[in-house]
Number of protein chains: 2
Amino acid sequence: MAYTKKEEFGAREQALAAFAKALSHPARISILGILSKKEECICGEIVDDLPLAQSTVSQHLKELKEAGLILGETVGPRSCYCINWKAFERFYSEFSQLFHKLKEQQGRCC
Amino acid sequence: MAYTKKEEFGAREQALAAFAKALSHPARISILGILSKKEECICGEIVDDLPLAQSTVSQHLKELKEAGLILGETVGPRSCYCINWKAFERFYSEFSQLFHKLKEQQGRCC
DNA sequence: AATGTATATCGCAAATATACGATAAGTTTT
DNA sequence: AAAACTTATCGTATATTTGCGATATACATT
């Protein structure tokens, strides 16, 4: 039985949805906020700033990384994460397009 | 055991995450696209446009509605959905703020 | 009243996500 | 080479999401 039909939608829709999914948990929004504040994006501090276990934070970081929104770099025994600006900009632009497409429709119905 | 710690994050993070969650499935992105194209946002057509069963589409519509992104109105035997422009604009603005906060950090690390 | 049509909801199965502790893997420091 | 430290991964429990068919609900038409 065909469980999960995500592939049956357009590439654009899938990409935007994947991006949104990466942002769909408050922990991951928080992580991005933390990364934007720190001079050094060295993490571990992230763990201290969040009400989650280290392993859970690591998992959220992995998801953000797999979605392409952040980059990770190993520095000695630690990991340094930072925002993948390019990817973020691309998605923001896609999202803006969707938004403006919706805006055109404003007031035509209901 | 405390399963799901979403409530332990800030209201802003939770709201943004909830918004992103509503957009985190290609079917729901597609629905918004369809709504933006039709003169009349009368639905049922949505079911025909998507590779999903009627009940599944109805569920996605419900989620968008509960997230506040669309409004539903009963017109005779049918349902008419449309974009809740106000809510959408509010979330877009929040998201833009996050984006610009991230942008400030650009190039400071990694 | 009976039938047809459109949509929502219920109940269920499968898939995914969330969270944690334990442990592994990799680096320093001693 | 041991010990200490940081982070990733594994295993597991629970929660949530996704999807469907069946059924209920609500209006229209006959």
Side-chain angles (χ1 to χ4, degrees), chain A residues 1-9 13-14 17-31 34-35 40-67 70-82, chain B residues 1-9 13-14 17-31 34-35 38 40-67 70-82 110:
Chain A
M1 204 157 288
Y3 262 69
T4 199
K5 293 201 156 180
K6 287 183 182 172
E7 331 78 37
E8 300 191 22
F9 293 87
E13 283 78 14
Q14 284 186 54
F19 167 59
K21 193 189 193 76
L23 300 179
S24 74
H25 194 288
R28 294 195 285 271
I29 299 279
S30 297
I31 288 171
I34 292 168
L35 288 183
E40 310 183 302
C41 47
I42 282 130
C43 93
E45 298 170 303
I46 297 172
V47 174
D48 298 336
D49 278 16
L50 296 181
L52 296 172
Q54 178 268 321
S55 58
T56 307
V57 172
S58 193
Q59 220 172 302
H60 282 302
L61 285 166
K62 192 183 175 190
E63 273 171 82
L64 284 169
K65 202 172 162 186
E66 283 177 353
I70 64 174
L71 298 167
E73 196 180 325
T74 310
V75 180
R78 348 195 145 203
S79 282
C80 172
Y81 286 101
C82 63
Chain B
M1 205 156 288
Y3 265 69
T4 201
K5 293 199 154 180
K6 288 184 182 171
E7 331 77 37
E8 300 190 22
F9 293 87
E13 283 78 15
Q14 285 188 53
F19 168 59
K21 192 189 193 77
L23 299 180
S24 75
H25 194 287
R28 295 194 285 272
I29 299 280
S30 298
I31 288 171
I34 292 167
L35 289 183
K38 305 272 182 187
E40 308 184 304
C41 49
I42 282 133
C43 96
E45 299 168 302
I46 296 173
V47 175
D48 297 336
D49 279 15
L50 296 181
L52 296 172
Q54 178 266 323
S55 59
T56 307
V57 173
S58 192
Q59 221 172 302
H60 282 302
L61 285 165
K62 193 184 175 189
E63 272 170 82
L64 284 169
K65 200 173 164 185
E66 282 176 352
I70 63 173
L71 298 167
E73 197 180 323
T74 310
V75 179
R78 346 195 146 204
S79 283
C80 173
Y81 285 101
C82 63
C110 293

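Every heavy atom of this structure was used, including side-chain atoms; hydrogens, water molecules and symmetry mates were not. Order of the sequence lines sets the chain letters (A, B, ...), proteins ahead of strands, with each chain counted from 1.
- Exactly one of L50(A), T56(A), L52(A) qualifies for a side-chain contact (heavy atoms from CB on, under 4.5 Å) with K5(B). That residue is L52(A).
- Between R78(B) and dA26(D) there is no side-chain polar atom (N or O) within less than 4.0 angstrom of OP1 or OP2.
- Side-chain N/O atoms of S55(A) include none lying less than 4.0 angstrom from OP1 or OP2 on dT7(D).
- Of the two residues contacting DNA chain C, namely Q54(A) and H25(A), the nearest-nucleotide position lying further toward the 5' end is that of H25(A).
- Nearest-nucleotide positions on DNA chain C place P77(B) closer to the 5' end than the other of P77(B) and A53(A).
- A donor N or O paired with an acceptor N or O is not found under 3.5 Å between the base of dA17(C) and the side-chain atoms of E63(A).
- Between dT17(D) and H60(B), no contact under 4.0 Å exists linking OP1 or OP2 to a side-chain N or O.
- Looking only at side-chain heavy atoms (C-beta outward), S58(B) and Q54(B) come within less than 4.5 Å of each other.
- Contact annotation: K6(A) does not reach the phosphate of dA15(C) (side-chain N/O to OP1 or OP2, under 4.0 Å).
- Remark: K65(A) is not in phosphate contact with dA8(D), judged by side-chain N or O atoms under 4.0 Å from OP1 or OP2.
- A residue-by-residue look at L61(A) and T74(B) shows that L61(A) has its nearest nucleotide of DNA chain D further toward the 5' end.
- The residue among T56(A) and A27(B) whose nearest nucleotide of DNA chain D lies closer to the 5′ end is T56(A).
- Across L71(B), L35(B), I70(B), a single residue satisfies side-chain contact (heavy atoms from CB on, under 4.5 Å) together with C82(B), and that is L71(B).
- The phosphate of dT17(D) (OP1 or OP2) has no side-chain N or O of K21(A) nearer than 4.0 angstrom.
- With a 4.5 Å cut-off on side-chain heavy atoms, E63(A) and I31(A) do not count as touching.
- The base of dC10(C) does not come close enough to the side chain of Q59(B) for any donor and acceptor atom to sit less than 3.5 Å apart.
- Between dT6(D) and Y81(A), no contact under 4.0 Å exists linking OP1 or OP2 to a side-chain N or O.
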